[in-house]
Structure formats: structure tokens, C-alpha cells
Asks: 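One structure follows; several queries about it will come next.
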Number of protein chains: 2
Amino acid sequence: MTEIKDINESTAKDQFILYWGDMGSQWGVNRSVAQIHALLFLSTSPMNAEQISDELGIARSNVSNSLKELVGWKLIRRVPIAGDRREHFVAEVDVWEMAMLIAQGRKEREIDPAMAAIDMCIRQADDEPNLNPVILNRMKEMQEFLQTADRWSSQMLSVPKSRLNALMKMGDKVFSLLKLTGKKSE
Amino acid sequence: MTEIKDINESTAKDQFILYWGDMGSQWGVNRSVAQIHALLFLSTSPMNAEQISDELGIARSNVSNSLKELVGWKLIRRVPIAGDRREHFVAEVDVWEMAMLIAQGRKEREIDPAMAAIDMCIRQADDEPNLNPVILNRMKEMQEFLQTADRWSSQMLSVPKSRLNALMKMGDKVFSLLKLTGKKSE
DNA sequence: CCATTATTTCTCTCAATACTGAAATAAGTG
DNA sequence: CACTTATTTCAGTATTGAGAGAAATAATGG
């Protein structure tokens with residue numbers, strides 16, 4: 001007789017938090033951060049750190065650090081509650097806004113450092129007169145790709161989300177247009 | 001007097017492998033896998049597992065498993081070499097093709113399981129008559145978003161890469177069109 | 001400015017996972 | 001069908017990162 005509930009017996013909300021936390025690992029954020037985010041996403045009122053700690057059963061200090069990380073992603077923000085000293089937090093609940101915030105964060109964490117690294121490599125390569133030109137060329141292609149992807153994602157992120165939503169929902173039409181003249185695999 | 005070279009003294013190719021390996025962690029693949037991928041990406045001829053093991057100084061067994069993972073991503077493939085029993089590998093060197101393979105892999109590992117999870121939650125939620133409708137609604141919005149993103153990315157991945165390349169490179173024009181009538185942050 | 005309560009920092013433990021090296025298996029070869 | 005060589009599996013080790021709890025700091029109120 002254990003106190004741990006089988007996931008099949010727990011409520012939809014609890015399940016959501018569990019799954020979301022689990023997926024967090026896959027997405028590069030740790031479980032605590034993902035669980036707290038899920039909890040706040042489904043919460044109908046602001047929560048303070050202690051409430052979160054109690055509800056999820058994770059250490060108060062862990063909650064503190066995780067909240068800081070989520071604020072860094074702008075996925076949650078602090079809200080003052082009248083007559084309460086403690087800090088309260090709410091999540092961004094618009095899923096499109098959320099997606100754009102995550103995309104933004106990923107771009108910063110993934111594309112930007114990749115660009116910095118490749119730039120350094122190519123600077124080094126320029127000092128190597130007997131470097132195989134094929135190798136240099138591959139590096140340059142990678143660099144160019146990253147630059148294009150970088151500019152593209154920056155622009156993508158500046159599109160108003162209502163438009164993005166509309167665009168993606170009518171994706172079929174956009175894409176069939178794009179594929180019209182495309183050759184098979186080139 | 002150590003044998004470990006300072007990164008500033010190593011060649012551009014070695015630097016690239018080191019940085020790529022390092023970024024791998026950020027991207028969710030381990031260092032060995034990322035380093036092997038980088039090595040093959042810059043290699044002008046097919047390599048066998050032993051060569052890779054020697055060049056990168058990682059265990060032969062580790063190379064074997066990492067190669068399998070890279071083949072799983074379709075980022076490398078086996079090529080037979082006449083008169084050599086050993087398996088040789090080459091990387092996909094087209095950066096656009098590479099990007100699409102990675103996107104494909106990520107969709108499968110990130111979006112697909114997320115969709116499966118949210119579907120289960122909502123199925124559970126339907127059995128809970130006194131679930132706060134706001135919560136149910138948030139879950140449903142998330143579900144709808146994931147479905148849209150899923151369809152959209154599937155379609156994106158089926159666009160011939162030459163077209164995608166052209167589209168992204170002229171991104172400016174596409175996006176300025178999109179933003180024309182957009183309201184500021186809604 | 002002391003007392004109380006909230007928050008953060010720090011150190012330690014534990015768990016997850018990367019990696020190694022040996023053993024086992026598989027694939028060729030004479 | 002033995003013998004060599006290539007590859008994979010497995011079990012143990014090392015490294016990394018998550019998370020807990022105590023200690024330190026900061027904020028607020030009397």
C-alpha cells in the first residue's frame with residue numbers, strides 16, 4: 001500500500017504536470033522547471049513559491065531557482081499581490097506567445113553560440129594556408145546556413161502572433177504553392 | 001608540459017570538432033555523437049570506426065553506438081569500400097539537407113510525444129465533470145497548437161530544400177509582407 | 001534596529017547517463 | 001570448419017547535473 005498514485009488514477013491536471021515535466025528533459029529544461037511551468041500554466045491564480053513547493057513536493061530552494069529560470073525565459077512573470085509580502089507568479093497562458101518565447105530562447109541558446117563558434121573556426125582556418133579547400137568550403141556553407149537561419153528566425157519572431165497563427169493554419173495552401181515547381185529531392 | 005593542446009593552438013578542423021561536440025550537449029545529443037558527426041562532415045573520404053576511434057580518442061565501442069545513432073538520424077550512411085571488410089561511413093554534407101534531417105528528428109522526438117501526452121490528459125479530463133473549465137480550455141488550446149505545429153512542420157519538411165533555401169534567403173520580402181497589417185503585439 | 005519571515009546561496013547526496021574495456025558474437029577468409 | 005578480423009553487447013566506472021536541506025542574506029514590520 002503506497003502513497004504514490006498511479007498516473008492512471010490521478011487527475012488530468014496532475015497528469016499534465018507529470019507529462020510536461022517529463023518532456024522537459026527532452027526539451028532541454030529540467031523536470032522541476034518544466035513541472036512548475038505546467039502548474040502555473042494551468043493555475044487560475046498567481047502562486048507563491050511555497051505553494052508551488054508544497055503542491056509539487058520539491059524543495060523550496062529548487063523552486064526558487066526554477067522560477068528564476070522561467071522568468072529568464074519570460075514564460076512566467078512576477079505579480080504583486082496586495083497585502084502579501086511574498087512574490088507571486090503567473091505564466092503566459094497564450095500558447096502562441098509561449099511558443100514564440102521558447103523559440104526565442106532556443107535561438108539564443110542554440111543558434112547564436114553555434115554562429116559564434118563557427119566564426120572562430122573560420123577565422124582560424126584563414127590562417128591555415130594548406131587547409132584542404134573542401135573542408136574550408138564545408139565550414140563556410142555551414143556558416144552561411146546559420147546566418148540565413150538566424151536572420152530568418154529573427155524575422156519570424158517579429159511577426160505578430162495573430163498573423164503567424166493564421167499563416168500556419170492555412171499552411172496547406174501556402175505549402176502547395178511552394179511545392180508546385182519543386183524538383184523531387186534537390 | 002601537457003599533451004593536451006590549447007584550443008587556440010589547434011587546427012580549424014579540430015576546433016570545429018571540439019565546438020560541435022560541445023554544442024551537441026546543448027542540442028540534446030551527447031558529445032561523442034556530435035564529435036563523430038563533425039569529423040565525418042569535414043572528412044573528404046569515408047571513414048571506418050577504428051579511424052574515428054583513433055582520431056577522436058574515444059573508445060571503439062562508443063564509436064559503434066554513436067554511429068548507430070547517427071545512422072538513425074540519417075545524418076550519416078554506410079558506404080561499402082572495395083576490398084575492405086570494414087564498414088565505412090560518410091556524412092550528409094549538404095547543410096540544408098542536414099538541417100531538415102535534424103528538424104525531422106526533433107519533430108519525432110519532441111512534438112509527437114507531446115501530442116500523445118496531451119491527448120491522454122484531455123481524454124482523462126473528459127472524465128472529470130467538475131474540472132475547472134478554464135483548465136480544460138488551456139489544455140485544449142495547447143492541444144490545438146501542437147496539432148497545428150505538427151501539420152505545419154510536416155509540410156515544411158516536404159518542401160524541396162532548394163525552394164526552402166530560396167524562400168529563407170529572400171525572407172526579408174516575405175516577412176515584410178506578413179507584417180504589413182499586423183497589430184503591435186496581438 | 002531587533003525580530004520575523006521571505007529568498008537566495010552553498011554544499012552535499014543521489015540519480016542519470018556517458019564512456020570505457022572486456023567478453024561475446026558475428027562476419028569473412030583460407 | 002577453424003582462424004582471423006570486425007562489430008556489438010554488457011557490466012562496471014566516471015562524470016555530470018538535479019535536487020535537498022542548511023546556512024546566509026535580504027526584506028519588511030513592529
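Note on naming: letters A, B, ... go to the chains in the order of the sequence lines (proteins, then strands), and numbering restarts at 1 for each one. Predicted, not measured: the structure shown is a model, and the values here were computed from it.
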Asks: Specify the separation, in whole Å, of atom CG of B:D84 and atom C1' of D:dT5.
Replies: 11 Å
Asks: Treating A:R138 as the side-chain partner and B:S43 as the backbone partner, does any N or O pair qualify as donor plus acceptor under 3.5 Å?
Replies: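 The answer is yes, because a donor-acceptor pair under 3.5 Å joins these two groups.
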Asks: Step through the shown structure and confirm whether more than 12 heavy atoms of other residues, nucleotides or ligands are within 6.0 Å of NZ on A:K74.
Replies: no
Asks: Holding to ring pair (Phe, Tyr, Trp, His ring centres under 6.0 Å), I want the full list of residues that pass it with B:F89, two or more places apart in sequence or in another chain.
Replies: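 Residues passing ring pair (Phe, Tyr, Trp, His ring centres under 6.0 Å) with B:F89: none at all.
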Asks: Tell me, which of residues 45-53 of chain B have any heavy atom that sits under 4.0 Å from an atom in DNA chain D?
Replies: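 Residues of residues 45-53 of chain B that come under 4.0 Å of DNA chain D do not exist, since none gets that close.
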Asks: How would nucleotides 17-30 of chain D be written as a contact map, 5' to 3', with B for base contact, S for sugar-phosphate-only contact and - for no contact, using protein heavy atoms under 4.0 Å?
Replies: -SSBBB----BS--
Asks: Can you give me every donor-acceptor pair (side chain of residues 128-135 of chain A, partner residue at least two apart or in another chain, under 3.5 Å) with its distance?
Replies:
| from | atom 1 | to | atom 2 | distance (Å) |
| --- | --- | --- | --- | --- |
| A:E128 | OE2 | A:Q124 | NE2 | 3.0 |
| A:E128 | OE2 | B:A12 | N | 2.8 |
| A:N132 | OD1 | A:V134 | N | 2.8 |

Asks: Can you tell me how far C1' of C:dT9 sits from CG of A:L67, to the nearest Å?
Replies: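 For the pair A:L67 CG and C:dT9 C1', the rounded distance is 16 Å.
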Asks: Wobble G-U and Watson-Crick pairs count when both distances are under 3.5 Å; given that, what is the 5' to 3' dot-bracket string of DNA chain C, with | for pairing to other strands?
Replies: ||||||||||||||||||||||||||||||
Asks: B:F16 vs B:W20 aromatic rings, parallel, tilted or perpendicular, using cut-offs 30° and 60°?
Replies: parallel
Asks: Can you tell me the distance, in whole Å, between the CD1 atom of B:I36 and the P atom of C:dA18?
Replies: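 Checked: the CD1 to P distance equals 13 Å.
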Asks: May I have the list of side-chain donor-acceptor pairs in residues 22-29 of chain B shorter than 3.5 Å, sequence neighbours left out?
Replies:
| from | atom 1 | to | atom 2 | distance (Å) |
| --- | --- | --- | --- | --- |
| B:S25 | OG | B:D22 | O | 2.7 |

Asks: In whole angstrom, give the distance that lies between atom CD of A:Q26 and atom C1' of C:dT17.
Replies: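 After rounding, the reported distance stands at 14 Å.
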Asks: Does CZ belonging to A:R31 count more than 12 external heavy atoms closer than 6.0 Å?
Replies: no
Asks: Can you tell me how far P of C:dT7 sits from CG of A:L70, to the nearest Å?
Replies: 16 Å
